[in-house]
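Below is one structure, written out as structure tokens; comments come after it.
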Amino acid sequence: MNILILGGTKFLGRALTEAALAKGHEVTLFHRGQHDANAFPQVRHIHGDRYVDLHLLQEHEWDAVIDTSGYQPEVVDAAAKLLKDRVKHFTFISTVSVYDDLRKENLNESAPVAELESVETIDPGRRYGALKALCEQAVNQSFPDRSLVIRPGLIVGPYDASDRFTYWPSRFHRGGDVLVPLPKERKLQFIDVRDLSAWIIRLVEQGITGTLHASGNDYTMEDVVEACKSVCVSETSCSWVSETFLVAHEVGEWMELPLWIKSDSLVGMFALDNAKAFESGLTTRPLSETVQDTLVWDLGRSSEIVRLAGMDPSREQELLRLWRDFSN
């Protein structure tokens with residue numbers, strides 16, 4: 001197949017490109033050239049900003065397009081309209097954040113989606129989800145019966161510079177006493193970017209349409225801890241800390257302490273109904289492999305990087321001291 005990827009050198013786009021090439025497909029990447037512009041010299045690169053340079057795609061045709069970088073409905077709509085007579089099949093990468101109420105568990109793909117409210121009052125996370133839902137609509141309107149919408153949850157693995165999962169392999173590699181949120185059986189779902197990408201390419205090859213979750217396997221916080229311990233050689237111990245303590249000390253959900261959100265928060269994000277994805281052929285690798293490969297990639301990054309998520313070591317040490325005093 002001849003596949004166009006909107007994006008393609010950063011994280012999901014990179015993994016999709018690798019998966020497509022591994023299956024022998026021809027790939028064109030449309031991107032700004034701001035993230036590893038020298039990646040994939042064997043494919044066609046069209047450098048441009050989708051906000052102003054969509055005309056660069058007018059002279060080409062493809063069997064399929066995968067849009068990894070659509071966030072504004074009007075921009076996605078413009079791309080879909082331009083490509084509807086140049087592309088046979090459109091895959092849009094959406095998000096589980098589209099749902100109206102992620103406090104509920106076991107939502108399936110038919111659950112109500114968020115609607116865009118006042119710009120002045122809407123929560124930023126809800127606004128993001130509502131805009132993505134409108135993006136989905138734009139794609140489906142231009143590609144009726146020819147579109148596939150993928151709604152991933154947390155995507156993890158090598159090249160995940162968000163640090164929302166990368167923090168944990170990195171932290172256990174550093175060693176010492178690690179602050180970990182209770183309960184140990186906390187529900188988690190996430191998916192290795194390579195498993196997600198290989199599955200999407202298979203769906204594209206088959207011309208699958210409709211909407212599918214892609215939030216991965218069911219794990220617990222203890223599963224993550226044990227996987228990190230199994231691949232990290234540093235001596236570590238764990239201090240399992242209660243939610244009451246974390247809230248009392250204003251520990252930030254999700255970004256300051258990755259994978260942790262309060263029990264009355266958007267817990268449905270980590271507990272979706274993934275039956276359709278697995279029925280359609282999604283397969284996943286062992287968690288220890290994801291942790292190992294993420295750590296190897298992370299250790300290859302510059303020591304000067306500014307991590308986007310994760311607890312500052314001095315803050316963690318202070319909280320651990322306070323926890324010991326609290327629990328004694």
Tell me the closest heavy-atom pair linking [X] and [Y], and the distance in Å.
X: G48; Y: L56; answer: CA-CD1, 4.2 Å
X: T68; Y: G7; answer: OG1-CA, 3.8 Å
X: P158; Y: V193; answer: O-CG1, 4.1 Å
X: R301; Y: D163; answer: NH2-OD1, 2.7 Å
X: C135; Y: V76; answer: SG-CG2, 3.6 Å
X: A309; Y: S162; answer: CB-O, 3.5 Å

Between [X] and [Y], is there a donor-acceptor pair closer than 3.5 Å when you use the side chain of the first and the backbone of the second?
X: R126; Y: D100; result: yes
X: R174; Y: V178; result: no
X: H249; Y: V251; result: no
X: H173; Y: V231; result: no
X: K276; Y: T211; result: yes
X: R202; Y: G281; result: yes
X: R146; Y: G207; result: no
X: N274; Y: G216; result: yes
X: S302; Y: E304; result: yes

Within this structure, what is the [atom1]-[atom2] distance for the pair [X] and [Y], rounded to the nearest 0.5 Å?
X: L212; Y: E279; atom1: CG; atom2: CD; answer: 9.5 Å
X: T294; Y: L287; atom1: OG1; atom2: CG; answer: 9.0 Å
X: S303; Y: I305; atom1: OG; atom2: CD1; answer: 8.5 Å
X: L6; Y: S69; atom1: CG; atom2: OG; answer: 5.5 Å
X: D67; Y: I5; atom1: CG; atom2: CD1; answer: 11.0 Å
X: F92; Y: I66; atom1: CZ; atom2: CD1; answer: 13.0 Å

Flag if over 12 foreign heavy atoms under 6.0 Å of [atom1], [X]:
X: K23; atom1: NZ; value: yes
X: D145; atom1: CG; value: no
X: E235; atom1: CD; value: no
X: Q58; atom1: CD; value: yes

Against W254, only a single residue in F270, F165, W260 fulfils ring-ring contact (aromatic ring centres under 6.0 Å, His included); can you say which? F270
Regarding [X] and [Y], is there a side-chain donor-to-acceptor distance under 3.5 Å anywhere?
X: E18; Y: S197; answer: no
X: H25; Y: E205; answer: yes
X: Q189; Y: D218; answer: yes
X: T166; Y: D298; answer: no
X: D195; Y: T284; answer: no
X: W199; Y: T283; answer: no

Quick one: sort the W323 and F245 rings into parallel, tilted or perpendicular, breaks at 30° and 60°. perpendicular
Hey, can you tell me if W297 and Y159 have their rings parallel, tilted or perpendicular (30° and 60° cut-offs)? tilted
If you draw the axis of the six-membered ring of F143, does the NZ or CZ of K84 fall within 45° of it and under 6.0 Å from the ring centre? no
Any ion pair linking [Y] and [X] (charged N to carboxylate O, less than 4.0 Å)?
X: D101; Y: R103; result: yes
X: R32; Y: D49; result: no
X: E318; Y: R321; result: yes
X: K229; Y: E222; result: no
X: E136; Y: R151; result: yes
X: R164; Y: D160; result: no
X: E256; Y: R315; result: yes
X: E26; Y: R44; result: no
X: R86; Y: D63; result: no
X: D223; Y: R186; result: no

Centroid-centroid distance, H213 to Y99, less than 6.0 Å: yes
Is the distance between the ring centroids of W168 and Y219 under 6.0 Å? no
Quick check: do [X] and [Y] have side-chain heavy atoms less than 4.5 Å from each other?
X: L257; Y: P181; value: yes
X: M269; Y: L154; value: no
X: F40; Y: L29; value: yes
X: L203; Y: I150; value: yes
X: K187; Y: V267; value: no
X: L259; Y: L188; value: yes

